[in-house]
Structures are given as structure tokens and as C-alpha cells.
Chemist: 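Below you'll find the structure I mean.
Protein chains get the first letters and strands the later ones, always in sequence-line order, with residue 1 at the start of each. Just the heavy atoms: all of them, side chains too, but no hydrogens, waters or symmetry mates, feed the values below.
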2 protein chains.
Amino acid sequence: MGRPAKHDPDDFIDAAVELFARGGARSVALSAVAASIGAANGSIYHRFADRASLLAAMWLRTSARFERGYRGQLGEPNLESVVAVGPWVVEWCRDHPAEAQVLQAGLRAFGPDDWPPEARAALTTPDDIRRDLRRIAKRLAASTSATPDEIAFAMLELPIAIVRRALHAGRAPGKREVDLVRGLMARILGDPSDRT
Amino acid sequence: MGRPAKHDPDDFIDAAVELFARGGARSVALSAVAASIGAANGSIYHRFADRASLLAAMWLRTSARFERGYRGQLGEPNLESVVAVGPWVVEWCRDHPAEAQVLQAGLRAFGPDDWPPEARAALTTPDDIRRDLRRIAKRLAASTSATPDEIAFAMLELPIAIVRRALHAGRAPGKREVDLVRGLMARILGDPSDRT
DNA sequence: CTCCTTCTGGAGGTGTTTCTCTAGAACTCT
DNA sequence: AGAGTTCTAGAGAAACACCTCCAGAAGGAG
């Protein structure tokens, strides 16, 4: 009922993410977002209460998408799937360069202090991934010589760090980054060539 | 000759870095910077042509300071000093939390596209550190089983990544981060316990 | 067809930020 | 002391961004 929407809310988020990837948080002006998808200035406020809500939506959608893929890739975690998740992160960033920039910038870049309460409430969940990682890492620590902290780092922050340089230089991560992740994770989790 | 300056240019940069660490790039308003050191609004323009110049100065001074300390710590690079430089990065971030936030945010957060030409010219130099790292890593590759890429990563990006989580959570990196860096670098560069 | 709802389009109001400009203060050099 | 220079202090112009608001378009329900 009512006039059909011309633009999907996701269209606005897409445009905002794209603008962010190009020019940083400052260039995510609501007028610029609306203009870049051919919508009128005021039309945006039917979907997002204010600028903070749009920034919140950018971050929440992006981190949720990443986390969803990450968990799917991890499956029921064992040593193999843990090693495989590293290269997967690199590939995800290559396939979603703009969203990868959002993740790289980190939550702080999106001013969570200004978010509306319901958006902030949605933030408590994503931190669960760290808890899960620590749990998984503890279980795996028995089958490797690495500490749980080292395993957890290798599973998430290591591949992200490797992608970082490529993204900051404005190019997509490629084979070199995949190789680097694979090599380092093997070295940290116990080189397979050691355990033939 | 002339009236003595009441504020050092560095005072403005200090205030800007502090504001950035607290509230992100958006809260670095020239008026806020001036106010936070008790200077008049217009007084800032005798030192920085515009906002972009101040942002450029923030980034350039911070990265130069870090690089200077880093090179000093590295000295004439050998396996020992390379391993020691990792924990040093963590400690530098703990001792300079606001500047560490600047480094973490990355060049992109400071809108280098808007910088004046002379500031952009100063950017070509810092990238030399990557070249140097590759050179050092190549030399060291002979005495370890790691590839040059892995060594270069372990020397700079690894400790930075480890500090990242602590900084984003708003706390200073501590012993835990130092231990993690030490452990991982040992594992990557060849565990000393392996080569007794 | 008429009412109701939802959305569009775009004109501004409001507030903030950047930047300019000028009078004059503080200091040095001759 | 006088001249010249550098900086301060702060008012305010100009630009920009956020947000409001409302007339009307586009559909569904009775």
C-alpha cells in the first residue's frame, strides 16, 4: 500500500560505502549519497533518521555480511578449515573492495558514539566473534604448539593486516597476499611439512 | 624580529592529534583545535594555509617520528635487532597512544587528495621504509626459513596489527601484546628454541 | 471513484566550519 | 625613538551540510 519506493534502502548504503571507499568518512555527505543514486536530498530521511543512522547501517551491514561469510567458511572448525579461512578473508576483500575499506577503517571511523541506541545495541553481537575465536583457538591449541592468542590472531587479524597495505595503495589484494597468508598461517599453526 | 609567537606550530599539531584520537577526523575542526590550546580562531592560519595543510602536517610529523624511532631501534639490521623491533613498535604505541591512533587510521583518513602539492611531495619519502624493509628481509632470508615477504611483514605490519585491537578498544597495548608479538615473530623468523 | 497511505522532489531553515580581514600588540633593528 | 615585521584576537562573510517540511505523485482498499 502507498506509493512504491523508487530506491531500496540498500541502494543508499551501497552508495555511501562507495563514497567512503573513495574519499573517507568526510565525503559521506547525505546530499552526496542521494545525488550519487539520483535520489532527491530529502528522500533519504524516509529510511534513515539522520546521518549517524546511515553510518551505523553502513558498518552493521558490512560487518554482518563479512561475519556471515566468515562463519560459513569456517564451518565446524577444525585445523583444516581454520587454515583455509585465512585465504578466504583475502578473497572476500578482493571481491568486495569497497566494503573491505569499511572494515579496514574500523568501527571508530563511523562515530558510534553518535549512533541511536538501537544501533548501538546491535553492536554487542559482532564482538561475539572474538569470543568464539578464543573458544575455537583454545580447543585447537592442543593439536598445535601455538598459544590460543596466537591462533585467534592468525585466524582473523593476520589476514586483515595483510590485505591492509594493498587496500591503502588503492589496489585489490591478489595472489601475493594469498600466498603470504597461507605461508604465515602454516608457520604459526605448525607447518604441515613438519608433520608429514 | 617581530612579535614572538605565543604558540608553537607543534602545539596546534599536538592538539589536532589529540582531538583526532578522541573523536576521529571529523572532530578535527580548526576552531576546535585553536580553542583547545587557547588560541584565537584566526591565529591558526599564520601557520597552516588551510585545513588540508594541518591534516597533512599531522600525518607527516607522526609518520616521520615513528619512522625515525623505528630506524634508530633497528640500527644496523641483523636477526636480533629485527626481532627486537617488534616489541619496540608495541611500546611506542603505548607511549604515544594518540599518535598511534593516527598511524592506525592510515593516510587515507587524512584526505591526501586535498593536500597542497608540497605536502604530497613529502609523501614519496616515507614509502622508502617499505623498500628498505624488503632489502633487509632479502638479506635475512638466507639465515631463516622465511621468505622475504614474510620477514618484512613480521617486522612492521605484524606488530601494528596486534596493537590495533587494543587501540580500537580504547586501551593502551600492554604486556599481552608484547608477548604476542614476540611469540609470533619467533615463530615466523625461526623459533630461537629450535636453533639452540 | 475516493480516501488513505507511502514515497518523491526540492525548496529552504539552521547550525557549523572554513577562511578572510583588519586593528593593534609585541618585539627587533637601526 | 621610529620603522619595520610578525603575530594576536576576534568579528564576520561565504560555503557547506544536516535536517525539516510540504505539495503532490503513485499506488492499494473499500
Side-chain angles (χ1 to χ4, degrees), chain A residues 1-59 109-119, chain B residues 1-59 109-119:
Chain A
M1 56 173 100
R3 178 174 181 171
K6 195 169 164 187
H7 309 282
D8 201 77
D10 272 332
D11 294 344
F12 289 94
I13 302 182
D14 287 340
V17 167
E18 206 62 45
L19 282 172
F20 179 88
R22 259 208 276 288
R26 199 151 231 262
S27 58
V28 183
L30 296 201
S31 48
V33 172
S36 84
I37 62 170
N41 199 328
S43 188
I44 209 171
Y45 289 93
H46 282 270
R47 294 160 182 85
F48 305 96
D50 50 20
R51 193 183 118 100
S53 297
L54 176 61
L55 292 180
M58 286 173 65
W59 173 261
F110 296 88
D113 295 344
D114 301 330
W115 291 8
E118 68 270 17
Chain B
M1 56 172 99
R3 178 175 181 171
K6 194 169 165 188
H7 308 281
D8 201 76
D10 272 333
D11 293 344
F12 289 93
I13 302 182
D14 287 339
V17 168
E18 205 62 43
L19 283 173
F20 179 88
R22 257 207 276 288
R26 198 153 234 264
S27 59
V28 183
L30 296 201
S31 47
V33 172
S36 84
I37 62 170
N41 199 330
S43 188
I44 207 170
Y45 288 93
H46 281 269
R47 297 163 180 82
F48 305 96
D50 50 19
R51 194 184 117 98
S53 296
L54 175 62
L55 292 180
M58 285 173 66
W59 174 261
F110 297 87
D113 295 344
D114 302 331
W115 291 8
E118 67 270 17

Chemist: Quickly work out the B/F12 CZ to D/dC7 C1' distance and round it to whole Å.
Modeler: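 Computing the B/F12:CZ to D/dC7:C1' distance gives 11 Å.
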Chemist: Closest heavy-atom contact between A/N41 and A/S31?
Modeler: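 Heavy-atom minimum between the residues: ND2-CB, 4.0 Å.
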Chemist: What are the two closest non-hydrogen atoms of B/A109 and B/A25, and how far apart are they?
Modeler: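 Of all heavy-atom pairs spanning B/A109 and B/A25, the closest is O-CB, 3.9 Å.
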Chemist: Would you kindly give the CG-to-P distance between A/L55 and D/dA17, to the nearest whole Å?
Modeler: 14 Å
Chemist: What is the minimum heavy-atom distance between A/M58 and A/A16, and which atoms define it?
Modeler: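 Minimum heavy-atom contact is SD-CB, 3.5 Å.
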Chemist: Expressed as a whole number of angstroms, how long is the span from B/F48:CZ to C/dT17:P?
Modeler: 19 Å
Chemist: Expressed as a whole number of angstroms, how long is the span from B/H7:NE2 to D/dT6:C1'?
Modeler: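 Roughly 14 Å, once rounded to whole Å.
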Chemist: Donor-acceptor check, side chain of B/R51 to backbone of B/V28, threshold 3.5 angstrom: yes or no?
Modeler: yes
Chemist: Between B/R47 and B/F12 (side chain of the first, backbone of the second, donor and acceptor by atom type, cut-off under 3.5 Å), is there such a pair?
Modeler: no
Chemist: Quickly work out the B/R3 CZ to D/dT6 C1' distance and round it to whole Å.
Modeler: 9 Å
Chemist: For B/D114 and C/dC19, what is the distance between atoms CG and P respectively, to the nearest whole Å?
Modeler: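 Nearest whole value for this atom pair: 10 Å.
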Chemist: Of the nucleotides D/dA9, C/dG9, D/dC7, which one has an atom closest to the side chain of B/R47?
Modeler: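 Nearest to the side-chain atoms of B/R47, counting from C-beta on, is D/dC7.
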Chemist: Between C/dG9 and A/K6, is there an OP1 or OP2 to side-chain N/O distance shorter than 4.0 Å?
Modeler: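 Result: yes.
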Chemist: With side chain to side chain contact (heavy atoms under 4.5 Å, CB included) as the test, would you mind laying out the steps for A/L30 and A/Y45 before giving the verdict?
Modeler: CA-CA 9 Å; A/L30 296 201; A/Y45 289 93; 3.0 Å; yes
Chemist: Polar pairs (N or O, both sides) under 3.5 Å between protein and nucleotides 18-22 of chain D?
Modeler:
unit_1, atom_1, unit_2, atom_2, d
D/dC18, OP1, A/R51, NH1, 3.4
D/dC18, OP2, A/L30, N, 2.8
D/dC19, OP2, A/R51, N, 2.7
D/dC19, N4, A/N41, OD1, 3.4

